[in-house]
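Only one structure is covered here, and it is reproduced in the block below.
Here the structure is a predicted model, which is why all the values come from computation and not from measurement. A note on names: the letters A, B, ... follow the listed sequences, proteins ahead of strands, and every chain is numbered from 1.
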Protein chains: 2
Amino acid sequence: MTTIKDIASAAGVSVSTVSHALSGNRPISEPTRARVLAAVAALGYRPNKLAQGLVSKTTRSLGLLVPDLANPFFSAMAEALEVQAHERGYSVILCNTNLDAEREADYLDVLLSRQVDGLLYFPGTSVPNRALQAALEKQIPVVVVDEQIAHVPGVFVDNVGGGRQIGELLAGLGHHRILFLGGAEALPTVQDRLRGLRSSLYSAFNGTDTAVELLLRFGAYRASFGYETVHDCAREGLLGHAAVDAPTAIVAANDLIALGALRALRELSIQVPQECSLVGFDGLEFTMLTTPSLTTVQQPTGLIANSAIELLIDRIDVSLDHRDDYPAARLAPQVVHPVSLVVRESVAAAPGR
Amino acid sequence: MTTIKDIASAAGVSVSTVSHALSGNRPISEPTRARVLAAVAALGYRPNKLAQGLVSKTTRSLGLLVPDLANPFFSAMAEALEVQAHERGYSVILCNTNLDAEREADYLDVLLSRQVDGLLYFPGTSVPNRALQAALEKQIPVVVVDEQIAHVPGVFVDNVGGGRQIGELLAGLGHHRILFLGGAEALPTVQDRLRGLRSSLYSAFNGTDTAVELLLRFGAYRASFGYETVHDCAREGLLGHAAVDAPTAIVAANDLIALGALRALRELSIQVPQECSLVGFDGLEFTMLTTPSLTTVQQPTGLIANSAIELLIDRIDVSLDHRDDYPAARLAPQVVHPVSLVVRESVAAAPGR
DNA sequence: CACGTTCATCAAAACGTTTTGACGAATTGG
DNA sequence: CCAATTCGTCAAAACGTTTTGATGAACGTG
């Protein structure tokens, strides 16, 4: 590896002159700078980030803690976040927590010892997070993505609004018996989506003599949950051609669940959407390839990534400026993005109406 | 941040003693070591990897250059690679090259200046790769994943064998007019899969009076390519109910293309598999959720990741041991994994047979 | 022309580690 | 009981940068 010393001797100047010429931190005469740059180009010099980081106390790297890259929503978010970070000169260290608290703690250690400037954190789980708390205590800037956590800066979407849009669509089509397939029951996103759905259904049918029936099942953000639960319901007589008062629509808390449900419905030869409508959440690319194509709520992954990175870098800058201040109780900004319902083939008017 | 000095003074020993106590590099008496460990625990000391890297010339970090995380095959691979790397104490720096040569070069710079110990490289594109060459010249260990590149260590699957298995399945079911939807024409994976398919078809029908007709289209590893090409073919009269001698099966070079094709076939109301069989490649999780579920060739992502990391770390160790040797012409080991055909609903006997 | 400025450059310290040569103290062997 | 060895520890150098106080040369000013 060629170092700054090599450049210095090649250009016949001191090490500090090279540093100044490259950083612009102090004025350097034009001819000298030219000689330095020529030497840099000739020797293919590349500053060692480790050494830079050691003295500057800043590494321009971010830790990305994501529960499960196999979930396309997370991989889409990871991609968008990495692109945004790179545009701003930050590198991303990828960490697959697999929803495992121990791994999370482990990764946090690694990231801290690697001196990352900030953390992008996807909870993906509902347990009040020890690793997150530890990070916050270490005074390292953290932005939580996708979930809202009190007193921690975060970026997420209007899950209640998304649920409401689904409810309004379904209510307008006469659906009032609905099966909701949630993820983990304690997850705020799941609860919020359900809340929006419920409130819009009740207010739509309020004053009419139609009763809203909302059947709830909780599990995990996985296709297998949707698949198995639909089959379970059929076995229990809640769903299927023999069922009386079967739900006329299924709302899944995310697209993966919906995809699993779709498969099960197919196996049960329940026609979607004629006999049962189906709605997902996330707006995965795949949802437009299924048959029927899936009605879903589109998450603006690019925007989320954009504001998450922006928020995080802001906080990093602040914490750099005030390195030795008292840890003043700072506000925890939270950015909420709107979502939009994408209506596709999987939704139709409630049968018998 | 608490440093090794803090530990030293807290334990009442010298800095080097702390270092030795922690690394085990030199014997330290039991009582002293205990005092050191107690201080470490009490102060929450975490060695600074930057400083460690600076002196040890090794960072225990790998660069992962991946073309497109939105492609689930790549995100699955990224996940598996990260998990394997983490198990071996390595961190992964994620880089989304987006198939853009300039971004690739850019990332290579970043990774080198971050002193990564090695590179995991997914070509994803066919251009003889400048960035890769540059990396190799820099003497940094590289393992190419998913494509075979001459003289560069790599891990990939038996694409020819995969193609052959598809061909054998289809030939056995009487398919001899087949549409092949490739990715980029110059991609070795595409060519290999095609080669396997072609050879098995020819040898199956060799000696019979049935002619093999293989229709080829090339594009990109994207769902949109499959979707549009099927529609194009229909418009050209090659596909559809009006077509004479329409292919009875479509083989896509990967699952994304197959999924796009499936959607288009549906829109054209061509029954899969009754009128047209469909086969993909990769074994994405989604392929079992489609209707009909997709016959595909399963890639062993975990195994690929495992051997890629192993190969890379081997090379890292070698290059560390021989740091100042002549750059001896080393062999470029290549690991090939077998693939297995997963037969699902999307394939049936050729119509009219 | 002497004086204070500005300008360009240099030398040295610092960042947090690991590594290694050195040095007393304790232990062993004859 | 003395020499030789081992043991435990320390101090200092090194890694590749940035930062900063110092220094000398050129310059404008009165």
Trace of the side-chain contact (heavy atoms from CB on, under 4.5 Å) decision for B:Leu62 with B:Leu111
CA-CA 8 Å; B:Leu62 307 177; B:Leu111 292 174; over 6 Å; no
Base, sugar-phosphate, or nothing for B:Val13, non-hydrogen atoms under 4.0 angstrom?
sugar-phosphate
Classify the nucleic acid contact of B:Ser16 as base, sugar-phosphate or nothing, counting any heavy atom under 4.0 Å across all strands shown.
base
Of all the heavy-atom pairs spanning [X] and [Y], show the shortest one and how long it is.
X: B:Arg103; Y: B:Asn96; value: NH2-O, 2.8 Å
X: A:Pro47; Y: A:Gln52; value: CB-NE2, 3.4 Å
X: A:Tyr121; Y: A:Leu132; value: CD2-CD1, 4.1 Å

Only counting residues at least two apart or in another chain, list the ones meeting side-chain hydrogen bond (donor to acceptor under 3.5 Å, both in side chains) with A:Asp106.
B:His86
Taking only N/O atoms, report every protein-nucleotides 5-7 of chain D pair under 3.5 Å with atom names and distance.
none

Distance under 4.0 Å to a non-hydrogen atom of chain B counts as contact; along DNA chain C, which nucleotides mark the start and end?
C:dG16 to C:dA22
Between B:Arg315 and B:Val142, is a side-chain contact (heavy atoms from CB on, under 4.5 Å) present by the stated rule, with each step listed?
CA-CA 8 Å; B:Arg315 311 216 95 218; B:Val142 180; over 6 Å; no
If you assign each of B:Ala51 and A:Gln52 to its closest nucleotide in DNA chain D, which residue comes earlier from the 5' end?
B:Ala51
Taking the nucleotide of DNA chain D with the closest heavy atom to each, which residue, B:Val55 or B:Thr17, is nearer the 5' end?
B:Thr17
Determine, stepwise, if the pair A:Thr189 / A:Glu147 fulfils side-chain hydrogen bond (donor to acceptor under 3.5 Å, both in side chains).
CA-CA 6 Å; A:Thr189 48; A:Glu147 292 277 2; 3.1 Å; yes
Got a sec, which pairs hit side chain to side chain donor-acceptor pair (under 3.5 Å) with one end in residues 60-71 of chain A, sequence neighbours left out?
A:Thr59-A:Ser61
Is there a donor-acceptor pair closer than 3.5 Å between any side-chain N or O of A:Asp6 and the backbone N or O of A:Thr3?
yes
Give the residues of residues 28-45 of chain B touching DNA chain D, defined as any heavy atom closer than 4.0 Å, sorted by residue number.
B:Ile28, B:Ser29, B:Thr32
Measure the distance from CG on B:Asn25 to P on D:dG8 and round it to the nearest whole Å.
15 Å
Using the C1' atoms of five pairs at each end, what's the angle between the two axes of the helix from C:dC1-D:dG30 to C:dG30-D:dC1, to 10 degrees?
40°
Of B:Arg46 and B:Arg26, the one whose nearest nucleotide on DNA chain C sits closer to the 5' end is B:Arg46
Is it true that atom CD of B:Glu102 has more than 12 heavy atoms of other residues, nucleotides or ligands lying nearer than 6.0 Å?
no
